[in-house]
Amino acid sequence: MTVRTRYAPSPTGDPHVGNIRTAVFAWAFARVHGGQFLVRIEDTDQNRLVPGSLEAIYESLRWLGIEWDEGPDIGGPHAPYVQSQRLEMYQAAANTLISRGRAYRCFCTAERLDAMRAAQAAAKKPPGYDGLCRDVTEAESERRSQTESFVVRFKMKREGQTVLNDIIRGQVVFENALQDDFVALKSDGFPTYHLALIVDDTEMGITHAIRGEEWISSAPKHLQIYEAMGYEPTKFAHLPLIVGPDRKKLSKRTGDTALLDYARKGYLPDAMLNFLVLLGWSLDDHTTIISRQTLLTNFALERVVPNPALFDLERLNFLNGQYIRELHAHEWLRTVDDWARRTLPEHLRTAADPATLAAVAPLLRERTAVLGEIGPAIEFFFGADAPEFTIDQLTEKVSSREEAVRVLDAALMALDDVPAAAWETGAIELAIRSLEGTLGQKLRKFIPVLYVAVEGRAQGLPLFDSLAILGRDRSLHRIRAARARAG
RNA sequence: GGCGCGUUCGUCUAGAGGCCCAGGACGUCGCCCUUUCAAGGCGAAGAUCAGGGGUUCGAAUCCCCUACGCGCUACCA
């Protein structure tokens with residue numbers, strides 16, 4: 001049997017990391033078993049549609065490097081892959097269910113349902129449909145359906161148990177008596193998730209339904225529809241939730257959790273994939289960096305843990321740094337070039353020339369965790385003057401303002417002796433190191449002054465290299481300017 | 001409230017009766033390297049395995065109870 005899995009998002013906004021992680025697992029699982037992975041759009045709630053989400057869904061997957069074999073955009077043998085375009089199938093299924101006595105039309109109004117729930121709440125009774133329309137005769141049901149609006153409710157069993165054999169959690173038992181008759185087909189003719197899921201997964205030949213843990217309590221509904229329709233159910237794997245710092249399910253409220261936000265901030269897709277995949281799953285007892293190749297040959301649902309995982313940014317940052325350092329030199333250069341253009345202040349963008357960028361890239365490599373930091377880190381290379389700084393910053397690391405002046409004067413003198421033709425890192429280093437003698441101080445004591453004068457802050461890219469890249473004129477100009485300000 | 005799922009260092013996890021007075025990684029701290037900041041190297045602290053009962057010669061691992069957390073409880077997915 002060929003494995004077929006799917007990612008079935010709703011077009012209700014940019015996919016969030018937790019949701020996408022479900023797609024990653026489903027995709028990896030299919031690939032490990034040489035099967036297919038497809039995308040299906042679940043747009044059965046017409047009220048929640050958000051324009052543009054379809055593109056965001058595709059873009060999220062593409063960004064992570066997840067390819068799908070069938071989907072709305074590329075078609076496939078089971079097209080259409082959008083639920084709003086398959087309404088006849090759901091309606092046919094609903095009719096089958098009605099004719100088999102496993103579903104019934106419900107004519108209850110929203111008002112009655114509200115009143116019923118209010119009464120149940122007041123009486124501290126569990127909420128649930130009271131079954132009023134369950135016993136409407138076939139003839140009457142047929143007749144009323146001509147004039148009244150109705151939904152189709154699935155008739156849940158009243159006795160016994162429904163048992164889910166979850167790949168991750170094992171056996172989960174539900175008492176049928178506690179289940180209630182849920183809506184399968186809404187009054188607007190659209191199916192609910194429950195009905196659409198069974199119809200589509202069956203029609204599309206899905207073998208494993210991989211979804212979030214929040215679905216586990218509706219599993220009995222799904223199992224019973226499968227049975228009523230006479231279909232073989234898929235296998236189920238309910239993945240643990242990804243939770244935010246508040247330990248609640250990650251959501252828009254908990255902050256920026258849309259996958260593409262991380263792309264925009266400067267995370268590498270490979271790092272994100274690595275991070276996501278190791279949230280709830282592990283290869284063994286020590287692997288923290290895992291290649292796409294290894295993932296696609298070793299991922300196993302059986303090794304997914306059942307407990308929720310916290311989205312830990314620190315860890316993501318670490319991984320991103322690791323992946324940055326693993327990039328080939330030319331890839332890194334291209335990345336720096338790209339992100340410099342994106343993150344440098346508007347007025348400096350055109351000044352960022354390829355030669356400077358190429359010289360700066362190696363310096364940046366060990367110092368970048370998130371690509372968005374690139375602009376601010378290299379800003380000082382472009383423009384005649386150093387970025388703005390205060391006198392306090394300039395003198396912060398030395399004993400006094402006078403001391404700063406001494407450092408700047410000495411540096412000026414030493415650097416001035418380096419001829420333009422010899423202006424490179426080695427010579428610059430020698431010149432500045434010679435100040436240890438002139439000033440009678442350790443380099444690390446006085447060098448912060450020069451960092452501020454040249455880079456606008458006490459910490460930044462290595463000074464000697466930076467001065468070399470900056471060029472003799474601009475370097476001396478900046479130190480002179482700082483000297484003038486210091487008095 | 002009901003039902004369900006879950007509970008190993010702050011975090012992600014390894015662990016499927018003896019290899020575990022619990023291993024790895026992130027983070028933290030210290031040292032080394034060092035032109036600042038990083039990166040890197042080395043090292044340390046950090047988990048009475050949620051608590052309590054069993055079962056067993058022996059339990060993080062099996063069973064029961066309790067607590068806590070989360071999820072679901074819609075004509076949302």
Side-chain angles (χ1 to χ4, degrees), chain A residues 8-10 12 19 42-45 47-48 106 108 110 113-114 117 120-121 123-129 149-153 164 166 168-169 172-175 178-180 182-188 190-194 196-197 211-220 238 240-241 243 245 247-249 275 278-289 303 305-319 321-322 324-325 363-369 377 397 428-429 432-433 442-444 446-448 450-452 455 457-466:
Chain A
S10 292
T12 53
N19 192 264
E42 310 220 318
D43 59 346
T44 56
D45 186 351
N47 301 317
R48 298 208 316 167
C106 172
C108 294
L113 260 17
D114 286 345
R117 273 189 276 267
Q120 286 166 340
K124 302 229 190 250
K125 288 272 169 59
Y129 184 61
S149 148
F150 64 89
V151 301
V152 176
R153 276 185 195 276
L164 164 72
D166 190 86
I168 296 167
R169 287 152 217 280
V172 184
V173 178
F174 300 88
E175 288 298 330
L178 268 13
Q179 301 288 327
D180 75 323
F182 62 92
V183 174
L185 198 69
K186 302 184 249 185
S187 56
D188 62 1
F190 278 72
T192 57
Y193 169 83
H194 310 302
L197 170 84
R211 43 153 46 164
E213 188 193 340
E214 70 267 30
W215 290 108
I216 201 163
S217 35
S218 40
H238 289 94
L241 259 22
V243 298
R247 282 274 160 202
K248 297 222 166 93
K249 182 163 78 164
F275 174 70
L278 256 22
L279 229 40
W281 175 76
S282 61
L283 176 67
D284 50 37
D285 64 345
H286 65 276
T287 302
T288 51
I289 307 285
R303 280 191 65 86
V305 297
N307 46 302
L310 194 114
F311 188 93
D312 182 13
L313 239 197
E314 304 261 32
R315 195 181 191 77
L316 213 208
N317 286 339
F318 161 76
L319 285 170
Q322 294 294 311
I324 283 174
R325 267 156 247 134
L363 304 179
L364 222 39
R365 212 188 181 127
E366 319 281 274
R367 278 162 259 261
T368 309
K397 294 287 181 3
I428 293 166
E429 172 163 9
I432 292 180
R433 280 197 190 280
K442 284 289 183 194
L443 187 60
R444 48 183 299 269
F446 62 80
I447 205 162
L450 299 176
Y451 269 91
V452 175
E455 304 189 17
R457 52 186 179 190
Q459 299 143 349
L461 298 181
L463 186 68
F464 309 145
D465 298 279
S466 297

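Sequence lines set the chain letters: A, B, ... in the order given, protein chains first and strands last, and positions in each chain run from 1. Only this structure's heavy atoms are used, side chains among them; waters, hydrogens and symmetry mates stay out.
Atom CG in A:Asp166 sits roughly 10 Å away from atom P in B:C5 (whole-Å rounding). In this structure, the CG atom of A:Asn317 is 9 Å from the P atom of B:G27, given to the nearest Å. Remark: C1' of B:G40 and CD of A:Glu366 are 8 Å apart, rounded to the nearest angstrom. Following rounding to the nearest Å, A:Tyr129 (OH) and B:G2 (P) show an atom-to-atom distance of 25 Å. Between A:His286 atom NE2 and B:A22 atom C1' there is a gap of 18 Å when expressed in whole angstrom units. Atoms CG (A:Leu310) and C1' (B:U7) sit 14 Å apart, rounded to a whole Å.
Place A:Asn307 and A:Glu429 on RNA chain B by their nearest nucleotides, and A:Asn307 ends up nearer the 5' end. When each of A:Arg367 and A:Asp312 is assigned the nucleotide of RNA chain B bearing its nearest heavy atom, the one mapping closer to the 5' terminus is A:Asp312.
Between the side chain of A:Arg325 and the base of B:A39, no donor-acceptor pair of N or O atoms lies under 3.5 Å.
For the P atoms, the distance linking B:C5 with B:C9 amounts to 22 Å, nearest Å. B:A22 and B:A47: their C1' atoms are spaced 8 Å apart (whole Å). Annotation: B:A39 and B:U8 have their C1' atoms spaced 32 Å apart (nearest Å). One C1' atom belongs to B:G51, the other to B:A60, and the distance between them is 14 Å to the nearest Å.
Judged by centroid separation below 5.5 Å and plane tilt below 30°, A:Tyr451 stacks onto the base of B:U36.
Between the A:Arg367 side chain and the A:Leu461 main chain, no donor and acceptor come within less than 3.5 Å of each other. A donor-acceptor pair is defined here as one N or O able to donate and one able to accept, closer than 3.5 Å; such a pair exists between the side chain of A:Thr192 and the backbone of A:Val183. The backbone N or O of A:Pro127 sits nowhere less than 3.5 Å from a side-chain atom of A:Arg117 that would complete a donor-acceptor pair. No donor-acceptor pair under 3.5 Å is formed between the side chain of A:Asn317 and the backbone N or O of A:Ala369.
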- Message: Return a single string for nucleotides 68-77 of chain B, one symbol per nucleotide in 5' to 3' order, where B is base contact, S is sugar-phosphate-only contact and - is none, cutoff 4.0 angstrom on heavy atoms.
- Response: --SSSSSBBB

Strictly under 3.5 Å: I want the nitrogen or oxygen pairs between protein and nucleotides 15-18 of chain B, one per line.
| unit_1 | atom_1 | unit_2 | atom_2 | d |
| --- | --- | --- | --- | --- |
| B:G15 | OP1 | A:Arg303 | NH1 | 2.9 |

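Atom CZ of A:Arg444 is surrounded by 12 or fewer heavy atoms from other residues, nucleotides or ligands within 6.0 Å.
Ring geometry for A:Tyr193 versus A:Trp215: interplanar angle under 30°, hence parallel rather than tilted (30 to 60°).
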